[in-house]
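First comes the structure, then the notes that go with it.
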Amino acid sequence: MKMKTLAAAILMAAPLTLAAFSSYAMDKVTLKLAHNLDTNHVVHQALAQMAKEISTASDGKMKLRIYPGGQMGGPRETLELLQNGALDMTKASASEMEPFSPAFSIFSLPYLFKDQAHFNKVIYGPVGHAMMAETRDKGFVSIAAYVAGTRSFYANKPIHTPADMKGMKIRVVATPTTIKLIELLGAAPAPIPFGEVYTALQQGVIDGAENNEPSYVQTRHVEVAKFYAEDQHTSVPDFLVISTKVWDKLSDEQKQILEAAAKHSETYEQELWGKEVAASRKQATEAGATFIKVDKEAFRTALAPLYDDFRKDPVRGEWLSKIENEAAQ
């Protein structure tokens, strides 16, 4: 009830109020940012650092007020709040952006990136920036991108090749691409809510799931699924999103401050993420988890039909070509 009261109070306030821009002094502005992450998550830490930088750079005239932990709902809800003017900023993964623009579905494609350098070149380069502007007509754009590692399968039995997954029930994010991915590996997709995965694994309702190492540990899934198969099938970034109405009302000076802080937050989050992955792997091993080096080529071969589907689609096929071209240059 307390959470609903807080959300209601926030929604009653105007998202952003700006007076006429003065060349002598910056107008005061407070931006509201809501996300569904815990305060110990590296993305939240990067956002908190960004808030400090914005305040310092503007002499306290620009503020970023953060509402973590799902106080304003999940990513879908916060993106919709941006659209109707009740919220200024949020964080969303590429998968969560997919319903608003088919371009973001490309990140569901397995083994899209050759290596980390290819990923960075795409996400932080011209291709990534063009994609981040794809949702402008939906009422919001992205101004920063954050790494979220690679997603791998973990289960209650060892997985070395796709053959080991035959008949298994695997929890996935419910998108057409991820569902077909699981089916191509001979397993059955189980798109159950994320919060129910621990109990489902514990009770044998599902046999496994997929995520990065920090999530594997922080959700305590490591307690009920002891085998982490390092197939590293997808790399799905997170995005920092701002309402276009809010962005367009900011002065040039305010935009510069926000963009600079957002850029710095990308670098800071990458540093934090590397440390978090190393710490999570150590914790998982101490908790009894076994990390398995899998036959990645066997997984690539099994999942190749997904590429055929994407190439046939004019929108997704174009983005796929752009990303592949970045690896060739």
Side-chain angles (χ1 to χ4, degrees), residues 31 33-54 64 66-70 72 74-76 78-79 82 87-98 100-101 103-108 112-113 115-135 140-152 173 194 211-219 232 234-243 247 258-280 323 326:
L31 301 171
L33 187 159
H35 62 70
N36 65 333
L37 303 172
D38 292 332
T39 54
N40 63 350
H41 194 284
V42 296
V43 170
H44 173 82
Q45 293 177 45
L47 295 175
Q49 180 63 29
M50 185 177 76
K52 293 178 183 178
E53 182 176 337
I54 289 172
L64 181 62
I66 304 174
Y67 301 90
M72 302 282 281
R76 178 73 190 218
T78 54
L79 286 169
L82 260 65
L87 184 66
D88 302 322
M89 302 175 71
T90 191
K91 187 283 305 179
S93 74
S95 297
E96 292 153 352
M97 298 276 278
E98 185 175 336
F100 300 92
S101 172
F104 290 93
S105 67
I106 199 74
F107 295 109
S108 297
L112 178 63
F113 302 102
D115 49 33
Q116 189 62 42
H118 181 204
F119 175 89
N120 290 345
K121 188 177 181 182
V122 169
I123 300 302
Y124 302 113
V127 174
H129 290 159
M131 183 176 290
M132 288 160 66
E134 277 289 294
T135 55
F140 52 82
V141 292
S142 302
I143 59 172
Y146 303 119
V147 300
T150 54
R151 298 176 75 95
S152 293
V173 177
F194 188 62
N211 217 316
N212 53 52
E213 296 96 330
S215 290
Y216 176 53
V217 173
Q218 292 169 8
T219 57
Q232 300 178 325
T234 53
S235 297
V236 182
D238 286 327
F239 292 96
L240 176 60
V241 186
I242 185 169
S243 160
W247 176 257
L258 182 56
E259 284 183 318
K263 184 67 177 175
H264 294 158
S265 75
E266 291 178 333
T267 303
Y268 185 52
E269 190 269 347
Q270 288 179 62
E271 295 173 359
L272 292 176
W273 184 263
K275 295 176 182 178
E276 185 71 19
V277 169
S280 296
I323 290 173
E326 287 295 301

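Reckoned from all heavy atoms, side chains included, excluding hydrogens, waters and symmetry mates.
Across all non-hydrogen atoms, the minimal contact from P68 to L37 is CB-O, 3.7 Å. When every heavy atom of A261 is checked against every heavy atom of E53, the shortest pair comes out as CA-OE2, 3.5 Å. Contact between A262 and M50 at its shortest, heavy atoms only, is CA-SD, 3.6 Å. N36 and P75 make their closest contact through ND2-CD, 3.5 Å (heavy atoms, listed as atom of the first residue, atom of the second, distance). Annotation for M132 and A145: closest pair CE-N, 4.4 Å, computed over non-hydrogen atoms. Residues P237 and I123 approach most closely at CG-CD1, 3.9 Å, considering heavy atoms.
Within the model, atoms CD of E96 and OG1 of T90 stand 8.5 Å from one another, a figure rounded to the nearest 0.5 Å. With rounding to the nearest 0.5 Å, the separation of NE2 in H118 from CD in E326 is 6.5 Å. We find the OG1-NE2 distance between T78 and H35 to be 10.0 Å, quoted to the nearest 0.5 Å. With rounding to the nearest 0.5 Å, the separation of OG1 in T39 from CD1 in I66 is 10.5 Å. Annotation: the span from S280 atom OG to Q218 atom CD amounts to 6.0 Å, rounded to 0.5 Å. Here F119 contributes atom CZ and Y124 contributes atom OH; the two are 6.0 Å apart, rounded to the nearest 0.5 Å.
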### Task
Test side-chain contact (heavy atoms from CB on, under 4.5 Å) on N212 and V277 and set out the steps.
CA-CA 8 Å; N212 53 52; V277 169; over 6 Å; no

### Task
Take I242 and L258, measure what side-chain contact (heavy atoms from CB on, under 4.5 Å) needs, and give me the verdict at the end.
CA-CA 11 Å; I242 185 169; L258 182 56; 3.8 Å; yes

### Candidate pair M131 and I106, rule side-chain contact (heavy atoms from CB on, under 4.5 Å), full reasoning
CA-CA 10 Å; M131 183 176 290; I106 199 74; 3.8 Å; yes

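Using a 30° and 60° split on the angle between ring planes, H41 and W273 fall in the tilted class, from 30° to 60°. Under the 30°/60° scheme for interplanar angles, the aromatic rings of F107 and F239 are found to be tilted.
Side-chain contact between T150 and S235 is present, with at least one heavy-atom pair separated by less than 4.5 Å. Contact check for M89 versus L47: no side-chain heavy atoms found under the 4.5 Å cut-off. At a threshold of 4.5 Å between non-hydrogen side-chain atoms, the residues K121 and F113 do not count as touching. V127 places a side-chain heavy atom less than 4.5 Å from the side chain of I323. Between E98 and V173 the shortest side-chain heavy-atom distance does not fall below 4.5 Å. Looking at V42 and Y146, their side chains never come closer than 4.5 Å, going by heavy atoms from C-beta outward.
In this structure K263 satisfies the salt bridge (charged side-chain N to carboxylate O under 4.0 Å, His left out) test together with E266, sequence neighbours excluded.
Between the side chain of S243 and the main chain of D88, no donor-acceptor pair closer than 3.5 Å is present. Using a distance-only test at 3.5 Å, with no hydrogens or angles considered, a donor-acceptor pair links the side chain of T135 to the main chain of F140. Remark: side-chain polar atoms of K91 are not paired, donor with acceptor, to backbone N or O of V43 under 3.5 angstrom. For the pair S101 (side chain) and F104 (backbone), a donor-acceptor distance under 3.5 Å is absent. Using a distance-only test at 3.5 Å, with no hydrogens or angles considered, no donor-acceptor pair links the side chain of D38 to the main chain of N40. With hydrogens and angles disregarded, no donor-acceptor distance shorter than 3.5 Å links the side chain of E259 to the backbone of I143.
When only modelled atom types and interatomic distance are considered, E276 and Q45 share no side-chain donor-acceptor pair under 3.5 Å.
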